Amino acid sequence: MTSGLQRLLITGGAGFIGSNFVRHWLQTHHTPVVVLDALTYAGNRANLGDLEAAFPEQLTFVQGDIGDRPLVDSLLQKNNIDTLVHFAAESHVDRSILGPAPFIQTNVVGTFTLLEAFYHHWQGQGQPDQLRFHHVSTDEVYGSLSPTDPAFTELTPYAPNSPYSASKASSDHLVRAYHHTYGLPTLITNCSNNYGPYHFPEKLIPLSIVNMLLGKALPIYGDGQNVRDWLYVVDHCRAIDVVLHRAQPGSTYNIGGNAEISNLDLIGLLCDQMDALAPDLPVRPSRDLITFVSDRPGHDRRYAMDIRKIHQDLGWSPQVTLEMGLRQTLQWYLNHPDWWQPLLTAAYQQFYQEIYG
Ligand code: NAD
Ligand code: DAU
(Lines give C-alpha, C1' and ligand atoms only; values in the text may rest on other atoms or scores of the structure.)
(Ligands and ions follow the chains in the order given, each with its own letter.)
Protein backbone atom coordinates (compact mmCIF):
# COMPACT_ATOMS: atom_id res chain seq x y z
CA MET A 1 0.00 0.00 0.00
CA THR A 2 1.43 3.44 -0.87
CA SER A 3 0.83 6.57 1.12
CA GLY A 4 1.84 10.19 0.84
CA LEU A 5 4.35 10.70 3.64
CA GLN A 6 6.05 13.51 1.73
CA ARG A 7 5.17 16.54 3.89
CA LEU A 8 4.69 16.03 7.63
CA LEU A 9 3.19 18.22 10.34
CA ILE A 10 4.45 16.96 13.71
CA THR A 11 2.72 18.36 16.78
CA GLY A 12 4.66 18.30 20.06
CA GLY A 13 7.87 17.83 18.07
CA ALA A 14 9.94 19.71 20.68
CA GLY A 15 8.98 17.29 23.46
CA PHE A 16 10.60 13.99 24.44
CA ILE A 17 9.17 11.46 21.96
CA GLY A 18 8.26 14.06 19.33
CA SER A 19 11.83 15.35 19.04
CA ASN A 20 13.21 11.82 18.89
CA PHE A 21 10.71 11.12 16.10
CA VAL A 22 11.70 14.27 14.16
CA ARG A 23 15.34 13.13 14.47
CA HIS A 24 14.48 9.60 13.28
CA TRP A 25 12.38 10.89 10.38
CA LEU A 26 14.85 13.44 9.03
CA GLN A 27 17.77 11.04 9.32
CA THR A 28 15.81 8.24 7.63
CA HIS A 29 13.60 9.92 5.05
CA HIS A 30 14.93 13.47 4.46
CA THR A 31 11.43 14.77 3.53
CA PRO A 32 10.13 18.14 4.82
CA VAL A 33 8.81 18.37 8.36
CA VAL A 34 6.94 21.20 10.07
CA VAL A 35 6.98 21.07 13.88
CA LEU A 36 4.12 22.78 15.73
CA ASP A 37 4.85 23.06 19.44
CA ALA A 38 3.64 25.47 22.13
CA LEU A 39 6.91 25.10 24.10
CA THR A 40 5.24 24.43 27.43
CA TYR A 41 7.54 23.56 30.36
CA ALA A 42 8.03 20.14 28.65
CA GLY A 43 8.86 21.52 25.21
CA ASN A 44 12.41 22.57 24.46
CA ARG A 45 13.73 24.04 21.22
CA ALA A 46 17.17 22.77 22.22
CA ASN A 47 15.87 19.22 21.58
CA LEU A 48 15.86 20.15 17.88
CA GLY A 49 18.87 22.50 17.86
CA ASP A 50 21.34 20.29 15.99
CA LEU A 51 18.61 19.17 13.57
CA GLU A 52 17.67 22.76 12.69
CA ALA A 53 21.35 23.30 11.80
CA ALA A 54 21.75 20.00 9.91
CA PHE A 55 18.44 20.14 8.00
CA PRO A 56 17.77 23.87 7.40
CA GLU A 57 15.78 23.17 4.21
CA GLN A 58 13.69 20.31 5.57
CA LEU A 59 12.86 21.37 9.14
CA THR A 60 10.55 24.28 9.97
CA PHE A 61 9.71 25.09 13.59
CA VAL A 62 6.53 26.97 14.48
CA GLN A 63 5.76 27.94 18.06
CA GLY A 64 2.00 27.71 18.57
CA ASP A 65 -0.94 25.93 20.17
CA ILE A 66 -2.72 22.96 18.58
CA GLY A 67 -5.94 24.63 19.78
CA ASP A 68 -5.32 27.62 17.50
CA ARG A 69 -7.52 26.64 14.55
CA PRO A 70 -6.56 29.46 12.14
CA LEU A 71 -2.88 28.64 12.72
CA VAL A 72 -3.40 24.91 12.16
CA ASP A 73 -5.49 25.59 9.01
CA SER A 74 -2.82 27.82 7.55
CA LEU A 75 0.02 25.36 8.33
CA LEU A 76 -1.88 22.50 6.67
CA GLN A 77 -2.64 24.53 3.56
CA LYS A 78 0.58 26.51 3.16
CA ASN A 79 2.75 23.41 3.49
CA ASN A 80 0.38 21.10 1.59
CA ILE A 81 0.62 18.62 4.48
CA ASP A 82 -0.23 14.99 3.68
CA THR A 83 0.60 13.45 7.09
CA LEU A 84 -0.09 14.77 10.58
CA VAL A 85 1.67 12.97 13.45
CA HIS A 86 0.14 14.11 16.72
CA PHE A 87 2.37 13.92 19.81
CA ALA A 88 1.41 17.21 21.51
CA ALA A 89 -0.09 16.59 24.93
CA GLU A 90 0.14 17.26 28.61
CA SER A 91 1.83 13.98 29.50
CA HIS A 92 2.64 13.70 33.21
CA VAL A 93 0.19 11.76 35.41
CA ASP A 94 1.24 13.52 38.65
CA ARG A 95 0.62 16.96 37.10
CA SER A 96 -2.83 15.78 35.93
CA ILE A 97 -3.66 14.91 39.53
CA LEU A 98 -2.52 18.35 40.77
CA GLY A 99 -4.38 20.22 37.99
CA PRO A 100 -6.39 18.44 35.28
CA ALA A 101 -7.62 21.51 33.32
CA PRO A 102 -4.68 21.82 30.86
CA PHE A 103 -5.01 18.08 30.14
CA ILE A 104 -8.60 18.54 29.01
CA GLN A 105 -7.74 21.66 27.03
CA THR A 106 -4.76 20.25 25.12
CA ASN A 107 -5.42 16.52 25.00
CA VAL A 108 -9.17 16.65 24.34
CA VAL A 109 -10.05 20.08 22.89
CA GLY A 110 -6.67 20.40 21.15
CA THR A 111 -7.02 16.99 19.48
CA PHE A 112 -10.58 17.86 18.44
CA THR A 113 -9.32 21.09 16.86
CA LEU A 114 -6.63 19.21 14.92
CA LEU A 115 -9.18 16.63 13.73
CA GLU A 116 -11.56 19.33 12.50
CA ALA A 117 -8.78 21.19 10.71
CA PHE A 118 -7.38 18.02 9.13
CA TYR A 119 -10.85 16.84 8.12
CA HIS A 120 -11.54 20.09 6.24
CA HIS A 121 -8.07 20.01 4.69
CA TRP A 122 -8.70 16.42 3.50
CA GLN A 123 -12.19 17.27 2.20
CA GLY A 124 -10.88 20.32 0.36
CA GLN A 125 -8.52 18.07 -1.59
CA GLY A 126 -11.24 15.57 -2.59
CA GLN A 127 -10.64 13.10 0.26
CA PRO A 128 -7.40 11.53 -1.05
CA ASP A 129 -6.64 8.04 0.28
CA GLN A 130 -2.99 8.71 1.01
CA LEU A 131 -3.43 11.40 3.68
CA ARG A 132 -2.90 10.26 7.29
CA PHE A 133 -3.80 11.57 10.77
CA HIS A 134 -1.64 9.53 13.18
CA HIS A 135 -2.60 9.89 16.84
CA VAL A 136 0.07 8.89 19.36
CA SER A 137 -1.52 7.44 22.50
CA THR A 138 -0.77 5.39 25.57
CA ASP A 139 -1.34 2.00 27.21
CA GLU A 140 -2.80 3.84 30.21
CA VAL A 141 -6.19 4.11 28.46
CA TYR A 142 -6.74 0.40 29.24
CA GLY A 143 -6.54 0.85 33.01
CA SER A 144 -4.72 -1.34 35.50
CA LEU A 145 -3.83 -5.08 35.51
CA SER A 146 -3.37 -7.49 38.40
CA PRO A 147 -0.07 -9.44 38.45
CA THR A 148 -1.67 -12.46 36.74
CA ASP A 149 -3.92 -10.73 34.16
CA PRO A 150 -3.10 -11.21 30.47
CA ALA A 151 -1.52 -8.21 28.72
CA PHE A 152 -3.66 -5.52 27.04
CA THR A 153 -4.66 -6.23 23.43
CA GLU A 154 -6.16 -3.78 20.95
CA LEU A 155 -9.58 -5.19 21.96
CA THR A 156 -9.22 -4.58 25.71
CA PRO A 157 -12.03 -2.22 26.82
CA TYR A 158 -10.92 1.27 27.83
CA ALA A 159 -10.86 1.93 31.61
CA PRO A 160 -8.72 5.03 32.22
CA ASN A 161 -8.03 5.84 35.89
CA SER A 162 -6.21 9.19 36.01
CA PRO A 163 -7.20 12.58 34.59
CA TYR A 164 -4.27 12.15 32.16
CA SER A 165 -5.37 8.73 30.91
CA ALA A 166 -9.03 9.83 30.77
CA SER A 167 -8.04 12.77 28.57
CA LYS A 168 -6.00 10.48 26.28
CA ALA A 169 -8.88 7.97 26.11
CA SER A 170 -11.23 10.81 25.13
CA SER A 171 -8.91 11.88 22.33
CA ASP A 172 -8.59 8.27 21.10
CA HIS A 173 -12.40 8.05 20.94
CA LEU A 174 -12.62 11.28 18.94
CA VAL A 175 -10.04 10.01 16.44
CA ARG A 176 -11.91 6.71 16.14
CA ALA A 177 -15.19 8.58 15.56
CA TYR A 178 -13.73 10.75 12.76
CA HIS A 179 -12.68 7.58 10.94
CA HIS A 180 -15.95 5.73 11.58
CA THR A 181 -18.25 8.65 10.75
CA TYR A 182 -16.39 10.63 8.09
CA GLY A 183 -13.92 8.06 6.76
CA LEU A 184 -10.95 10.22 7.77
CA PRO A 185 -7.77 8.13 7.22
CA THR A 186 -6.62 7.92 10.82
CA LEU A 187 -4.17 5.70 12.71
CA ILE A 188 -3.88 5.22 16.48
CA THR A 189 -0.94 3.72 18.33
CA ASN A 190 -1.01 2.96 22.07
CA CYS A 191 2.45 2.64 23.55
CA SER A 192 3.93 1.65 26.90
CA ASN A 193 6.42 3.69 28.98
CA ASN A 194 9.22 5.24 26.91
CA TYR A 195 12.70 6.21 28.08
CA GLY A 196 15.79 7.62 26.39
CA PRO A 197 17.50 10.93 25.51
CA TYR A 198 15.71 14.30 25.87
CA HIS A 199 13.32 13.01 28.58
CA PHE A 200 12.22 15.81 30.95
CA PRO A 201 13.33 15.02 34.53
CA GLU A 202 9.84 14.70 36.01
CA LYS A 203 9.27 11.06 34.91
CA LEU A 204 10.71 8.16 36.91
CA ILE A 205 13.83 7.33 34.86
CA PRO A 206 15.19 10.81 34.00
CA LEU A 207 14.30 12.13 37.46
CA SER A 208 16.20 9.25 39.07
CA ILE A 209 19.23 9.78 36.79
CA VAL A 210 19.41 13.50 37.52
CA ASN A 211 18.94 12.91 41.25
CA MET A 212 21.74 10.31 41.30
CA LEU A 213 24.05 12.81 39.62
CA LEU A 214 23.08 15.41 42.24
CA GLY A 215 23.23 13.00 45.20
CA LYS A 216 19.50 13.52 45.91
CA ALA A 217 16.92 10.99 47.15
CA LEU A 218 15.33 8.65 44.58
CA PRO A 219 11.60 8.75 45.43
CA ILE A 220 9.74 5.45 45.01
CA TYR A 221 5.96 5.63 45.37
CA GLY A 222 4.20 3.18 47.70
CA ASP A 223 5.81 -0.26 47.95
CA GLY A 224 7.71 0.03 44.64
CA GLN A 225 5.95 -3.08 43.28
CA ASN A 226 3.98 -1.27 40.55
CA VAL A 227 4.96 -2.74 37.19
CA ARG A 228 5.54 -0.92 33.91
CA ASP A 229 6.62 -2.16 30.47
CA TRP A 230 9.54 -0.06 29.17
CA LEU A 231 10.42 0.76 25.55
CA TYR A 232 13.50 2.63 24.28
CA VAL A 233 12.19 5.73 22.55
CA VAL A 234 13.93 5.04 19.23
CA ASP A 235 12.09 1.71 19.01
CA HIS A 236 8.83 3.64 19.47
CA CYS A 237 9.81 6.00 16.63
CA ARG A 238 10.54 3.02 14.37
CA ALA A 239 7.15 1.55 15.22
CA ILE A 240 5.32 4.77 14.30
CA ASP A 241 7.28 4.90 11.05
CA VAL A 242 6.24 1.32 10.20
CA VAL A 243 2.59 2.02 11.05
CA LEU A 244 2.61 5.17 8.89
CA HIS A 245 4.02 3.24 5.95
CA ARG A 246 2.13 -0.04 6.21
CA ALA A 247 -1.04 0.16 8.32
CA GLN A 248 -4.55 0.38 6.94
CA PRO A 249 -6.44 3.63 7.67
CA GLY A 250 -8.66 3.23 10.73
CA SER A 251 -6.39 0.70 12.39
CA THR A 252 -5.00 0.75 15.92
CA TYR A 253 -1.79 -0.90 17.15
CA ASN A 254 -0.33 -1.61 20.56
CA ILE A 255 3.39 -0.93 20.94
CA GLY A 256 5.53 -2.15 23.84
CA GLY A 257 8.94 -3.37 24.87
CA ASN A 258 8.21 -6.85 26.25
CA ALA A 259 10.11 -5.53 29.27
CA GLU A 260 7.93 -5.64 32.38
CA ILE A 261 9.68 -4.74 35.61
CA SER A 262 8.70 -3.35 39.03
CA ASN A 263 9.72 0.22 39.79
CA LEU A 264 11.97 -0.93 42.63
CA ASP A 265 13.82 -3.46 40.45
CA LEU A 266 14.12 -0.92 37.65
CA ILE A 267 15.68 1.74 39.86
CA GLY A 268 17.97 -0.86 41.46
CA LEU A 269 19.23 -1.82 37.99
CA LEU A 270 19.66 1.84 37.04
CA CYS A 271 21.64 2.48 40.25
CA ASP A 272 24.01 -0.42 39.55
CA GLN A 273 24.55 0.73 35.97
CA MET A 274 25.20 4.30 37.12
CA ASP A 275 27.75 3.16 39.71
CA ALA A 276 29.58 1.23 36.98
CA LEU A 277 29.52 4.13 34.47
CA ALA A 278 30.11 7.29 36.50
CA PRO A 279 33.52 7.82 38.08
CA ASP A 280 32.57 10.42 40.65
CA LEU A 281 29.12 10.47 42.17
CA PRO A 282 28.21 12.50 45.27
CA VAL A 283 26.72 9.34 46.88
CA ARG A 284 27.70 5.77 46.17
CA PRO A 285 26.35 3.13 46.02
CA SER A 286 23.42 4.91 44.37
CA ARG A 287 21.04 2.36 45.92
CA ASP A 288 21.59 4.19 49.22
CA LEU A 289 19.52 7.05 47.75
CA ILE A 290 16.36 4.94 47.26
CA THR A 291 13.60 6.42 49.44
CA PHE A 292 10.00 5.21 49.75
CA VAL A 293 7.48 8.08 49.64
CA SER A 294 3.65 8.35 49.75
CA ASP A 295 1.88 6.58 46.93
CA ARG A 296 0.42 8.37 43.86
CA PRO A 297 -3.39 8.67 44.31
CA GLY A 298 -5.17 6.06 42.14
CA HIS A 299 -1.80 4.54 41.17
CA ASP A 300 -2.26 1.89 38.45
CA ARG A 301 -0.67 -1.37 39.61
CA ARG A 302 0.52 -2.88 36.37
CA TYR A 303 0.60 -2.26 32.61
CA ALA A 304 1.56 -4.88 30.03
CA MET A 305 1.18 -4.79 26.25
CA ASP A 306 0.39 -7.66 23.92
CA ILE A 307 2.31 -6.63 20.78
CA ARG A 308 1.55 -9.62 18.58
CA LYS A 309 -0.66 -7.61 16.20
CA ILE A 310 2.01 -5.09 15.13
CA HIS A 311 4.55 -7.90 14.86
CA GLN A 312 2.33 -10.16 12.78
CA ASP A 313 0.75 -7.47 10.54
CA LEU A 314 3.67 -5.09 10.07
CA GLY A 315 6.81 -6.96 11.12
CA TRP A 316 7.83 -4.60 13.93
CA SER A 317 9.38 -5.72 17.22
CA PRO A 318 11.57 -3.89 19.74
CA GLN A 319 15.31 -4.08 19.07
CA VAL A 320 16.85 -2.48 22.16
CA THR A 321 16.85 -4.50 25.39
CA LEU A 322 16.12 -2.74 28.68
CA GLU A 323 19.72 -3.21 29.88
CA MET A 324 21.14 -1.76 26.65
CA GLY A 325 18.68 1.11 26.48
CA LEU A 326 19.18 2.12 30.11
CA ARG A 327 22.96 2.14 29.67
CA GLN A 328 22.69 4.30 26.53
CA THR A 329 20.30 6.64 28.33
CA LEU A 330 22.58 6.98 31.37
CA GLN A 331 25.54 7.69 29.09
CA TRP A 332 23.53 10.36 27.26
CA TYR A 333 22.68 12.17 30.52
CA LEU A 334 26.32 11.87 31.67
CA ASN A 335 27.42 13.45 28.37
CA HIS A 336 24.77 16.20 28.36
CA PRO A 337 24.71 18.14 31.65
CA ASP A 338 24.38 21.21 29.39
CA TRP A 339 20.95 19.84 28.38
CA TRP A 340 19.47 18.88 31.76
CA GLN A 341 21.01 21.39 34.18
CA PRO A 342 19.16 24.42 32.69
CA LEU A 343 15.85 22.55 33.17
CA LEU A 344 16.14 22.69 36.98
CA THR A 345 14.52 26.13 37.13
CA ALA A 346 12.60 27.80 39.95
CA ALA A 347 9.36 26.50 38.38
CA TYR A 348 10.82 22.98 38.39
CA GLN A 349 11.82 23.31 42.06
CA GLN A 350 8.30 24.47 42.88
CA PHE A 351 6.77 21.49 41.05
CA TYR A 352 9.21 19.19 42.87
CA GLN A 353 8.24 20.66 46.22
CA GLU A 354 4.52 20.22 45.46
CA ILE A 355 4.91 16.54 44.55
CA TYR A 356 7.62 15.38 46.94
CA GLY A 357 7.31 17.92 49.77
P1 NAD B 1 6.25 15.58 26.52
O2 NAD B 1 5.50 16.13 27.68
O3 NAD B 1 7.72 15.35 26.63
O4 NAD B 1 6.06 16.55 25.26
C5 NAD B 1 4.83 17.10 24.91
C6 NAD B 1 5.10 18.21 23.90
O7 NAD B 1 3.85 18.77 23.51
C8 NAD B 1 5.96 19.37 24.45
O9 NAD B 1 6.94 19.73 23.52
C10 NAD B 1 4.95 20.49 24.63
O11 NAD B 1 5.52 21.78 24.50
C12 NAD B 1 3.94 20.20 23.53
N13 NAD B 1 2.61 20.74 23.82
C14 NAD B 1 1.90 20.61 24.97
N15 NAD B 1 0.73 21.27 24.84
C16 NAD B 1 0.70 21.78 23.59
C17 NAD B 1 -0.26 22.54 22.86
N18 NAD B 1 -1.43 22.90 23.40
N19 NAD B 1 0.02 22.89 21.59
C20 NAD B 1 1.20 22.53 21.03
N21 NAD B 1 2.15 21.83 21.67
C22 NAD B 1 1.89 21.46 22.93
O23 NAD B 1 5.49 14.26 26.09
P24 NAD B 1 6.06 12.88 25.52
O25 NAD B 1 6.44 12.03 26.66
O26 NAD B 1 7.01 13.17 24.45
O27 NAD B 1 4.71 12.26 24.91
C28 NAD B 1 4.34 12.55 23.57
C29 NAD B 1 3.03 11.85 23.27
O30 NAD B 1 3.20 10.43 23.44
C31 NAD B 1 1.88 12.24 24.20
O32 NAD B 1 0.72 12.31 23.42
C33 NAD B 1 1.80 11.11 25.19
O34 NAD B 1 0.49 10.96 25.66
C35 NAD B 1 2.22 9.94 24.34
N36 NAD B 1 2.87 8.82 25.05
C37 NAD B 1 3.91 9.05 25.89
C38 NAD B 1 4.56 7.97 26.50
C39 NAD B 1 5.74 8.17 27.42
O40 NAD B 1 6.18 7.20 28.05
N41 NAD B 1 6.31 9.36 27.54
C42 NAD B 1 4.09 6.68 26.26
C43 NAD B 1 3.00 6.48 25.41
C44 NAD B 1 2.41 7.56 24.80
O1 DAU C 1 2.47 4.02 30.13
C2 DAU C 1 2.68 5.11 29.27
C3 DAU C 1 2.76 6.36 30.09
O4 DAU C 1 4.00 6.32 30.78
C5 DAU C 1 2.64 7.64 29.26
O6 DAU C 1 1.38 7.68 28.68
C7 DAU C 1 2.84 8.86 30.16
O8 DAU C 1 2.85 10.03 29.37
C9 DAU C 1 4.17 8.73 30.86
O10 DAU C 1 4.34 9.81 31.76
C11 DAU C 1 4.26 7.41 31.62
O12 DAU C 1 3.34 7.38 32.75
P13 DAU C 1 3.76 6.74 34.14
O14 DAU C 1 2.94 7.35 35.20
O15 DAU C 1 3.79 5.26 34.06
O16 DAU C 1 5.29 7.25 34.21
P17 DAU C 1 6.17 7.86 35.39
O18 DAU C 1 7.58 7.91 34.90
O19 DAU C 1 5.58 9.10 35.94
O20 DAU C 1 6.06 6.73 36.51
C21 DAU C 1 6.51 5.40 36.25
C22 DAU C 1 6.24 4.57 37.49
O23 DAU C 1 7.11 5.05 38.55
C24 DAU C 1 4.84 4.72 38.03
O25 DAU C 1 4.44 3.49 38.61
C26 DAU C 1 4.96 5.78 39.14
C27 DAU C 1 6.36 5.52 39.67
N28 DAU C 1 7.08 6.71 40.16
C29 DAU C 1 7.13 7.82 39.38
C30 DAU C 1 7.81 8.95 39.80
C31 DAU C 1 7.85 10.20 38.94
C32 DAU C 1 7.75 6.66 41.38
O33 DAU C 1 7.73 5.63 42.08
N34 DAU C 1 8.42 7.77 41.79
C35 DAU C 1 8.47 8.92 41.06
O36 DAU C 1 9.09 9.91 41.51
Side-chain angles (χ1 to χ4, degrees), residues 1-12 17-18 21 36 66-67 69 72-73 75-77 79-89 104 106-143 152-160 165-191 236 239-256 305-314 316:
M1 192 182 66
T2 55
S3 57
L5 296 173
Q6 295 305 306
R7 294 167 299 278
L8 269 63
L9 177 61
I10 301 183
T11 72
I17 307 175
F21 182 77
L36 171 62
I66 57 167
R69 176 72 191 272
V72 176
D73 282 341
L75 290 177
L76 291 171
Q77 276 158 34
N79 299 286
N80 194 15
I81 296 296
D82 58 34
T83 305
L84 192 157
V85 191
H86 177 31
F87 294 93
I104 305 307
T106 288
N107 301 0
V108 184
V109 181
T111 302
F112 167 69
T113 306
L114 287 178
L115 280 166
E116 276 286 286
F118 196 78
Y119 171 57
H120 288 284
H121 177 64
W122 174 68
Q123 262 200 327
Q125 298 188 18
Q127 307 188 342
D129 281 346
Q130 70 271 22
L131 266 63
R132 290 289 180 277
F133 184 105
H134 185 130
H135 177 59
V136 178
S137 192
T138 170
D139 57 359
E140 300 200 11
V141 298
Y142 297 123
F152 302 128
T153 73
E154 289 79 359
L155 299 177
T156 301
Y158 276 28
S165 54
S167 69
K168 292 296 291 187
S170 308
S171 59
D172 290 13
H173 288 323
L174 284 168
V175 175
R176 178 192 150 89
Y178 270 70
H179 175 72
H180 186 82
T181 304
Y182 305 116
L184 193 70
T186 61
L187 300 163
I188 300 177
T189 46
N190 295 87
C191 189
H236 187 187
I240 293 170
D241 188 326
V242 166
V243 169
L244 279 167
H245 278 91
R246 302 197 193 143
Q248 291 295 331
S251 54
T252 71
Y253 283 96
N254 283 355
I255 302 170
M305 287 300 241
D306 183 330
I307 55 170
R308 280 177 294 181
K309 184 180 175 201
I310 189 168
H311 180 64
Q312 284 162 9
D313 287 6
L314 310 180
W316 177 89

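Index from 1, following the sequence. Predicted, not measured: the structure shown is a model, and the values here were computed from it.
- Within the 4.5 Å cutoff, no side-chain heavy atoms of V136 are placed close to those of I17.
- To the nearest 0.5 Å, atom OH of residue Y182 and atom CD of residue E116 are 6.5 Å apart.
- Scanning all heavy atoms of the two residues, the minimum distance from I307 to G256 falls at CG2-N, 3.2 Å.
- Here the closest non-hydrogen pair linking S170 and V108 is CB-CG2, 3.9 Å.
- Looking only at side-chain heavy atoms (C-beta outward), N190 and M305 come within less than 4.5 Å of each other.
- Under a cut-off of 6.0 angstrom, the local environment of CZ in R176 is sparse, with at most 12 non-hydrogen atoms contributed by other residues, nucleotides or ligands.
- Under the side chain to side chain donor-acceptor pair (under 3.5 Å) rule, H135 has a single partner from D172, T186, T252, which is D172.
- Surrounding NE2 of H120 are more than 12 heavy atoms belonging to other residues, nucleotides or ligands, all under 6.0 Å away.
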(request) Using the side chain to side chain donor-acceptor pair (under 3.5 Å) rule, take T83 and H134 through it: C-alpha gap first, then chi angles, then the decisive distance, then the call. (result) CA-CA 8 Å; T83 305; H134 185 130; over 6 Å; no
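- Evaluated for a side chain to side chain contact (heavy atoms under 4.5 Å, CB included) with L131, the options L5, L84, D82, I81 yield exactly one hit, D82.
- With hydrogens and angles disregarded, no donor-acceptor distance shorter than 3.5 Å links the side chain of R69 to the backbone of I66.
- Counting non-hydrogen atoms of neighbouring residues, nucleotides and ligands closer than 6.0 angstrom, the CZ atom of R308 reaches no more than 12 such neighbours.
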